[in-house]
Q: 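This structure is in C-alpha cells; I'll ask about it shortly.
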2 protein chains.
Amino acid sequence: MNLSDQARRLQERGIRPTPQRLAVYDYLLTHRTHPTADAIFEALSPQYPSFSRTTIYNSVKALMDAGLVRVVTIDPSEQHFDGDPLDHGHCRCEQCGRLFDFEMPDGLLAPLIPEGFTVNRQDIFFSGLCQDCR
Amino acid sequence: MNLSDQARRLQERGIRPTPQRLAVYDYLLTHRTHPTADAIFEALSPQYPSFSRTTIYNSVKALMDAGLVRVVTIDPSEQHFDGDPLDHGHCRCEQCGRLFDFEMPDGLLAPLIPEGFTVNRQDIFFSGLCQDCR
DNA sequence: ATATAATATTGTAATCATTACAAATTTACA
DNA sequence: TGTAAATTTGTAATGATTACAATATTATAT
C-alpha cells in the first residue's frame, strides 16, 4: 500500500489526509512495534521537525476515530498504538517490554460474552516472557 | 471469610496483616466493583481518617506482590483493582464505566499462545454497552 | 481566482494519576 | 526493654495526556 492508497483510505473514513496524519499512519503501518505517542514523536521528529507531541496525539486520535488505528492498554503507564484495527491478541514481555501480535480465531470469544452485553471491541492480553528473554 | 481469615491469608503470603492492608483487602473482597485507588480512598476515608492516598497505593501494591489482588488495565486513564486474582474476564461499559466479571473456561486461550512465549497472566477485555445502558 | 468559513497544527500551560521521598510511627526480635 | 526493620503518611515530584488559543492550512461559495 503506497501513500496515495493510505490517503484515499483516510478520505474514505471521513478525515482529511494531512501530511501529519499520513506520516503517523504510515509509521504505524510500517513499524508493527506498537509504539507509544512519544516513540512516534521521537521517530518522526528528525524528518518532520515541525511536529509537536500534541500533533501526534491529535493525529492518533483522528485515526482512531476513523477506525484505522487502535490503542493497546496492556501497559499501565503508557498507551501503545496499533495500525491494525482488526481483532488480534497482544503479548507483552515483562522483561524487554516489547509487544507482539498473535492471531485470534473468529468467534472464539463469542460464547463468553455475558447475557445482555453488547461488545464493541475485544482484547486478549498475555503478559510473560518472550522467547529472547527466557 | 472473616477478618482473621484474611489476616491469616496475608501472613501466609508473606506480608504483614496491617490494619490498612486488611481494610483495603476487605474492601476489595466485599465490593466487587473494581474500584480505582481513589475510589478505595474515598470509601475508606470516613472510617479511617488517618489513611492517605499513598497508603492505598502502598497497600494495593503489597497485596498485588502477594498475589492476592490484581490490577485491571482496561481503562486507559485509571487503574482498577480486583480482589480476585484468579483468571477471569472483564467487561467495561463505555456508557456508565462499570466493570463486570465473566467466567473464563480453563485452557480456552492456551492454543493462542505464540511459540516460545511464557504466559504469566492473561486478560480478556470486552468493551461495549451493558444491559442497563443499551 | 478570492474571500470566508471550517478544520488542523502547534507550543505552552494545566491536569491528574501515580511515584518518590523522608519523617514519624509501629512492629518484630534480640 | 531496646534496637533494627518495616510501615504509614503527608508533601513534593514525575510524566503522560489534555486543554487552550494563536497560527496556519484547506475547502467551499461567490
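Reminder, nothing fancy here: chain letters follow the sequence lines and each chain counts from 1. This is a predicted model, so every value here is computed, not measured.
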Q: With heavy atoms under 4.0 Å as the rule, sort S77(A) into base, sugar-phosphate or nothing.
A: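 S77(A): backbone/sugar contact only, no base atoms under 4.0 Å.
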Q: Rounded to whole angstroms, how far apart are CD on E78(B) and P on dT18(D)?
A: 13 Å
Q: Calculate, to the nearest 0.5 Å, the distance between atoms CG and CG belonging to L28(B) and L63(B) respectively.
A: 7.5 Å
Q: Taking five pairs at each end, how big is the angle between the two axes of the helix from dA1(C)-dT30(D) to dA30(C)-dT1(D), to 10°?
A: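 Roughly 30°, once rounded to the nearest ten degrees.
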Q: Taking 4.0 angstrom as the limit, do D65(B) and K61(B) come out as a salt bridge?
A: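 Salt bridge present between D65(B) and K61(B).
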Q: Please report the interatomic distance CZ(F126(B)) to NE2(H90(B)), rounded to the nearest 0.5 Å.
A: 12.0 Å
Q: Please figure out whether S52(A) or F81(B) has its closest DNA chain C nucleotide nearer the 5' end.
A: S52(A)
Q: Grab the CZ-C1' distance between R21(A) and dT26(D) for me, whole Å please.
A: 11 Å
Q: Within this structure, what is the CG-to-P distance between D75(B) and dC16(C), rounded to whole angstrom?
A: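 From D75(B) CG to dC16(C) P: 15 Å.
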Q: Once you apply a heavy-atom cut-off of 4.0 Å, does S50(A) come out as touching a base, just sugar-phosphate, or nothing?
A: sugar-phosphate
Q: Could you list all N or O pairs between the protein and nucleotides 26-30 of chain C that sit under 3.5 Å apart?
A:
none

Q: Does Q79(B) place a side-chain N or O at less than 4.0 Å from the phosphate oxygens OP1/OP2 of dA17(C)?
A: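 Result: no.
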Q: Any donor-acceptor pair under 3.5 Å linking the side chain of T73(B) with the backbone of T73(A)?
A: yes
Q: When you measure from the side-chain N and O atoms of Q20(A) to the phosphate of dT25(D), is any distance below 4.0 Å, counting only OP1 and OP2?
A: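 Indeed not, no polar side-chain atom of Q20(A) lies that close.
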Q: Salt bridge between D84(A) and R70(A), side-chain N to carboxylate O under 4.0 Å?
A: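 Here D84(A) does not pair with R70(A) in a salt bridge, since their nearest N and O are not under 4.0 Å apart.
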Q: Has H80(A) got a side-chain atom pairing as donor or acceptor with V72(A)'s backbone, closer than 3.5 angstrom?
A: no
Q: Please report the interatomic distance CG(L99(B)) to OG(S127(B)), rounded to the nearest 0.5 Å.
A: 8.5 Å
Q: Once you round to the nearest 0.5 Å, how far does CZ of F81(A) lie from OG1 of T33(A)?
A: 12.5 Å
Q: Once you round it to whole Å, what is the distance between P of dT17(D) and CD1 of I40(A)?
A: 10 Å
Q: Using side chain to side chain contact (heavy atoms under 4.5 Å, CB included), reason through R98(A) and D132(A) one step at a time and then give a plain yes or no.
A: CA-CA 11 Å; R98(A) 279 185 295 175; D132(A) 296 351; 3.0 Å; yes
Q: Counting only heavy atoms and a strict 4.0 angstrom limit, can you tell me which residues of residues 41-48 of chain A come near DNA chain D?
A: none
Q: Once rounded to the nearest 0.5 Å, what's the spacing between atom CE of M64(A) and atom OG of S59(A)?
A: 11.0 Å
Q: Please report the distance, rounded to the nearest Å, between CG in L22(B) and P in dT7(D).
A: 13 Å
Q: Please enumerate all residues that pass ring-ring contact (aromatic ring centres under 6.0 Å, His included) together with Y57(A), with sequence neighbours excluded.
A: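 By the ring-ring contact (aromatic ring centres under 6.0 Å, His included) rule, Y57(A) matches no residue at all.
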Q: How far does CG of D82(B) sit from CG of L29(B), to the nearest 0.5 angstrom?
A: 9.5 Å
Q: Count the heavy atoms of every other residue, nucleotide or ligand shown that sit under 6.0 Å from CG of N120(A), and state whether that count exceeds 12.
A: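 Counting other residues, nucleotides and ligands, CG of N120(A) exceeds 12 neighbours.
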Q: Quick test of your reading: applying side chain to side chain donor-acceptor pair (under 3.5 Å), list the pairs with at least one residue in residues 11-23 of chain B, sequence neighbours left out, ordered by first then second residue.
A: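 As it turns out, there is no side chain to side chain donor-acceptor pair (under 3.5 Å) pair with a partner in residues 11-23 of chain B once direct neighbours are skipped.
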Q: Find which nucleotide of DNA chain C each of G14(A) and A37(B) is nearest to by heavy atoms, and output the residue with the more 5' nucleotide.
A: G14(A)
Q: Where along residues 54-61 of chain A does a heavy atom come under 4.0 Å from DNA chain D, residue by residue in number order?
A: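 By residue number: T54(A), Y57(A).
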